[in-house]
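We name chains A, B, ... by the order of the sequence lines, and we start the count at 1 in each one.
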Amino acid sequence: MMTAADFDLPVLELAPLLIGATLLVDEVGGVIVETEAYHHEDPASHSRSGPTARNASMFAGPGVAYVYRSYGIHWCLNLVGPRGTGVLIRALRPTAGVDQMIQRRGLADPRRLCSGPGRVGQALGITRSHDGLPLDGRPFQVDAPATLPEVVAGPRIGISKAVDQPWRFGLKGSPFLSKPFR
DNA sequence: AAGCGGATGTCCT
DNA sequence: GGACATCCGCTTA
């Protein structure tokens, strides 16, 4: 079980370290296979201009959830590190509560269940109500990987600033990535 | 296989 | 008003 102190790491260390960790929300979830790091001096980060009503949770860490609405439609989940930093959960390998995830997503293809940040939010039932909640208690459970997996890095997806920074991390060769790494 | 347009909350200019 | 850490379905090849 990861607790607040485990999230008190520079976000460029935390984001790859979370690859292979298990993330459950009310017993539903799986193994994290894709993350992205964001921080306060990062032009692509929601925290770039300091705290606002939306991003307050990014400044409430380490060890809380930051949930935001993407494009007015999707709920996306970050695990917050030190002040102003966060790790966007972009994809999981589904392992627990698969039936529930299938129901929420309205499709059964395991490769498309949790491969994308909006999909993860929908599959895990994430809403605004999770924003700011600590990660070391209900409904969350985060467990570090038993053995450190092989992690690959590359440019982040779906952003227009700082596009060349290799701050996207993935489990090498996983079929559950939102996009392959080059 | 790839490219578009639609849905539409929150922030910033 | 415009951009955005997105996804889906419909269109064209």
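- Atom C1' of nucleotide C:dC7 and atom CZ of A:Arg111 are separated by 19 Å, given to the nearest angstrom.
- At the phosphate of B:dC12, neither OP1 nor OP2 sits under 4.0 Å from any side-chain N or O atom of A:Arg48.
- Rounded to a whole Å, the CG atom of A:Leu124 is 14 Å from the P atom of C:dC7.
- Across residues 68-83 of chain A, A:Arg69, A:Tyr71, A:Gly72, A:Ile73 each have a non-hydrogen atom less than 4.0 Å from an atom of DNA chain B (numbered order).
- The separation between A:His40 atom NE2 and C:dA5 atom C1' is 18 Å, rounded to whole Å.
- A:Ile159 comes within contact range of the sugar-phosphate backbone alone, with a heavy-atom separation under 4.0 Å but no base atom that close.
- Per the geometry, NZ belonging to A:Lys179 stands 11 Å off C1' belonging to C:dT6, to the nearest Å.
- Residue A:Arg168 is out of contact with every strand shown, counting any heavy-atom pair closer than 4.0 Å.
- The phosphate of C:dA5 has neither OP1 nor OP2 within less than 4.0 Å of any side-chain N or O from A:Arg54.
- For A:Met58 and B:dT10, the CE to C1' distance is 15 Å, given to the nearest whole Å.
- Aromatic ring centroids of A:His39 and A:Trp167 lie under 6.0 Å apart.
- Within the 4.5 Å cutoff, no side-chain heavy atoms of A:Glu34 are placed close to those of A:Phe169.
- Once rounded to the nearest 0.5 Å, the distance linking OH of A:Tyr66 with CG of A:Leu77 reads 11.0 Å.
- In this structure, A:Asp164 places its CG atom where only 12 or fewer heavy-atom neighbours from other residues, nucleotides or ligands lie under 6.0 Å away.
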In a table with atom names and distances, give each donor-acceptor pair under 3.5 Å that connects a side chain of residues 14-27 of chain A to protein atoms at least two apart or in another chain.
residue : atom : partner  : partner atom : Å
A:Asp26 : OD1  : A:Arg138 : NH2          : 3.0

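- Out of C:dA5, B:dC11, B:dC12, the shortest distance to the side chain of A:Ser49 is found at B:dC12.
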Both atom distances under 3.5 Å, Watson-Crick or G-U wobble: I'd like the secondary structure of DNA chain B as a dot-bracket string, with | for pairs made across strands. |||||||.||||.

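- With a 4.5 Å cut-off on side-chain heavy atoms, A:Asn78 and A:Leu88 count as touching.
- Rounded to an integer number of Å, the gap from A:Ile89 CD1 to C:dT6 P is 14 Å.
- Residue A:His46 contributes atom NE2, which lies 9 Å from atom C1' of B:dC11 at whole-angstrom precision.
- Nearest-nucleotide mapping onto DNA chain C: of A:Lys161 and A:Val120, the residue sitting toward the 5' end is A:Lys161.
- Residue contacts shown for A:Arg90 are limited to sugar-phosphate atoms, with no base heavy atom under 4.0 Å away.
- The distance between atom CG of A:Leu113 and atom P of C:dT6, rounded to the nearest whole Å, is 19 Å.
- A:Arg105 and A:Gln122 share a side-chain donor-acceptor pair at under 3.5 Å.
- To the nearest 0.5 angstrom, A:Glu150 atom CD is 13.0 Å from A:Ser174 atom OG.
- Nucleotides C:dC8 and B:dT10, compared at atom C1', are 22 Å apart to the nearest Å.
- Listed candidates were C:dC8, C:dA5, C:dC4. Nearest to the side chain of A:Ser160 is C:dC4.
- Among the candidates A:Arg90, A:Arg112, A:Arg119, the single residue satisfying the side-chain contact (heavy atoms from CB on, under 4.5 Å) test with A:Ser178 is A:Arg90.
- Here the side chains of A:Leu107 and A:Ile102 are not in contact, with every heavy-atom distance at 4.5 Å or above.
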